[in-house]
Amino acid sequence: DSGVTQTPKHLITATGQRVTLRCSPRSGDLSVYWYQQSLDQGLQFLIQYYNGEERAKGNILERFSAQQFPDLHSELNLSSLELGDSALYFCASSVGTGRQPQHFGDGTRLSIL
Amino acid sequence: DAKTTQPTSMDCAEGRAANLPCNHSTISGNEYVYWYRQIHSQGPQYIIHGLKNNETNEMASLIITEDRKSSTLILPHATLRDTAVYYCIVRFLSDSGNTGKLIFGQGTTLQVKP
């Protein structure tokens, strides 16, 4: 158990819909990262927050947004969903933004029908 | 971030040491080497990281060559539960340490066989 909690574990929805994925970091961790893993793209970094502020952005689509709340939990919002958005979405957390390792949750499997 | 090269797949007999190589010939002085693994579709699991010295923890050992252009992850006594995809990642850290993202390649699929 990494201590990072992601909900829901599975999500099935239709094209055009909007969903919210939630992540609770490990106790004491200030940084939260979101990654997407699809069959054809592998694991890709989406976005990072540190203590409530956006710190780095990766290949995140404009239809996707995220935020980190004062209690440090984070949400990833995916809108206007397309079939290609079907993937595993992982959240990771770390103490800071330096060389401390990131610890990953078990992910949310998103299926678009 | 420096690119890494890993073999696509490897086999290892249960109980034997598994040695997973990684080439990172373009690594720079302030880039760390990290190893993660992913068992089936679970979240990636942190294993170990290092800069230039060899490192050991309860899971594995990391051997980094003197020129830092390659490294080897060693699982001393592989078990069936070590079957996973192993990722070698070179991660740049600025002086302020504010670059946190991990760039995953394709990794090495390690199959531990009875």
Side-chain angles (χ1 to χ4, degrees), chain A residues 1-6 9-10 21 23 25-26 29-51 53-60 68 86-111, chain B residues 1-6 8 27-53 55-60 62 64 68 73 84-109:
Chain A
D1 181 12
S2 67
V4 178
T5 304
Q6 289 189 247
K9 292 190 186 303
H10 302 277
L21 312 183
C23 169
R26 295 189 319 162
D29 285 358
L30 299 179
S31 270
V32 169
Y33 310 77
W34 286 97
Y35 293 83
Q36 179 192 55
Q37 185 173 33
S38 57
L39 282 175
D40 56 346
Q41 294 288 333
L43 265 161
Q44 290 204 318
F45 168 74
L46 294 179
I47 196 164
Q48 174 197 359
Y49 279 83
Y50 174 74
N51 204 20
E53 294 186 0
E54 182 183 304
R55 186 57 67 99
K57 245 181 178 178
N59 299 322
I60 188 167
Q68 186 180 27
S86 294
L88 274 166
Y89 291 85
F90 291 106
C91 168
S93 72
S94 64
V95 172
T97 60
R99 67 175 182 269
Q100 306 95 341
Q102 297 175 25
H103 297 273
F104 285 75
D106 287 335
T108 293
R109 182 176 293 278
L110 176 63
S111 299
Chain B
D1 292 330
K3 185 175 179 179
T4 61
T5 304
Q6 300 178 250
T8 303
I27 194 170
S28 61
N30 52 2
E31 290 182 315
Y32 281 71
V33 179
Y34 288 76
W35 283 84
Y36 281 78
R37 72 181 183 184
Q38 187 173 26
I39 298 172
H40 195 44
S41 294
Q42 297 177 22
Q45 179 188 23
Y46 165 76
I47 302 173
I48 199 167
H49 74 282
L51 181 62
K52 53 184 177 181
N53 297 320
E55 302 287 345
T56 296
N57 63 20
E58 66 278 3
M59 286 184 68
L62 173 60
I64 302 174
R68 303 208 323 120
L73 178 74
V85 178
Y86 287 76
Y87 297 99
C88 170
I89 300 166
V90 173
R91 181 182 177 201
F92 171 78
L93 293 174
S94 67
D95 290 340
S96 61
N98 63 358
T99 303
K101 65 182 180 182
L102 297 173
I103 298 177
F104 289 83
Q106 296 306 306
T108 296
T109 298

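Throughout, protein chains are lettered first and strands after them, A, B, ... in sequence-line order, and every chain is numbered starting at 1.
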Exercise for the section: Starting at OH of A:Tyr35, measure out to CG of B:Leu102 and round the result to the nearest 0.5 Å. Expected result: 3.5 Å

Exercise for the section: Look at atom CZ of A:Arg109 and say whether more than 12 heavy atoms of other residues, nucleotides or ligands are closer to it than 6.0 Å. Expected result: no

Exercise for the section: Go through the atoms of A:Leu88 and report whether side chain, backbone, both or neither lie under 4.5 Å from a heavy atom of chain B. Expected result: side chain

Exercise for the section: With a 4.5 angstrom heavy-atom cut-off, could you sort out which part of B:Gln38 is near chain A: side chain, backbone, both or neither? Expected result: side chain

Completion exercise
Comparing A:Gly58, A:Pro101, A:Gly107, A:Gly42 against chain B, the one with the most heavy-atom pairs below 4.5 Å turns out to be A:Pro101

Completion exercise
Here the gap from B:Ser41 atom OG to A:Gln37 atom CD, rounded to the nearest 0.5 Å, amounts to 6.5 Å

Practice task
Would you check if B:Gln45 and A:Ser2 make a side-chain contact, meaning some heavy-atom pair closer than 4.5 Å?
Solution key: no

Practice task
Establish, yes or no, whether a centroid distance under 6.0 Å links the rings of B:Phe104 and A:Phe45.
Solution key: no

Practice task
Of all the heavy-atom pairs spanning B:Arg91 and A:Tyr33, show the shortest one and how long it is.
Solution key: NH2-OH, 4.1 Å

Practice task
Working to the nearest 0.5 Å, report the span between CD of A:Gln102 and OH of B:Tyr46.
Solution key: 11.5 Å

Problem - Partners meeting side-chain contact (heavy atoms from CB on, under 4.5 Å) with A:Glu54 (sequence neighbours left out) - result: A:Ile47, A:Tyr49, A:Lys57

Handout entry: Shortest non-hydrogen contact between A:Phe90 and B:Gln42, atoms and distance
Key = CZ-O, 3.6 Å

Practice task
Determine the option with the most heavy-atom pairs under 4.5 angstrom with chain A, choosing from B:Gly105, B:Gly107, B:Gly43, B:Pro44.
Solution key: B:Pro44

Practice task
Would you please name every residue forming a side-chain contact (heavy atoms from CB on, under 4.5 Å) with B:Thr5, sequence neighbours left out?
Solution key: B:Asn23

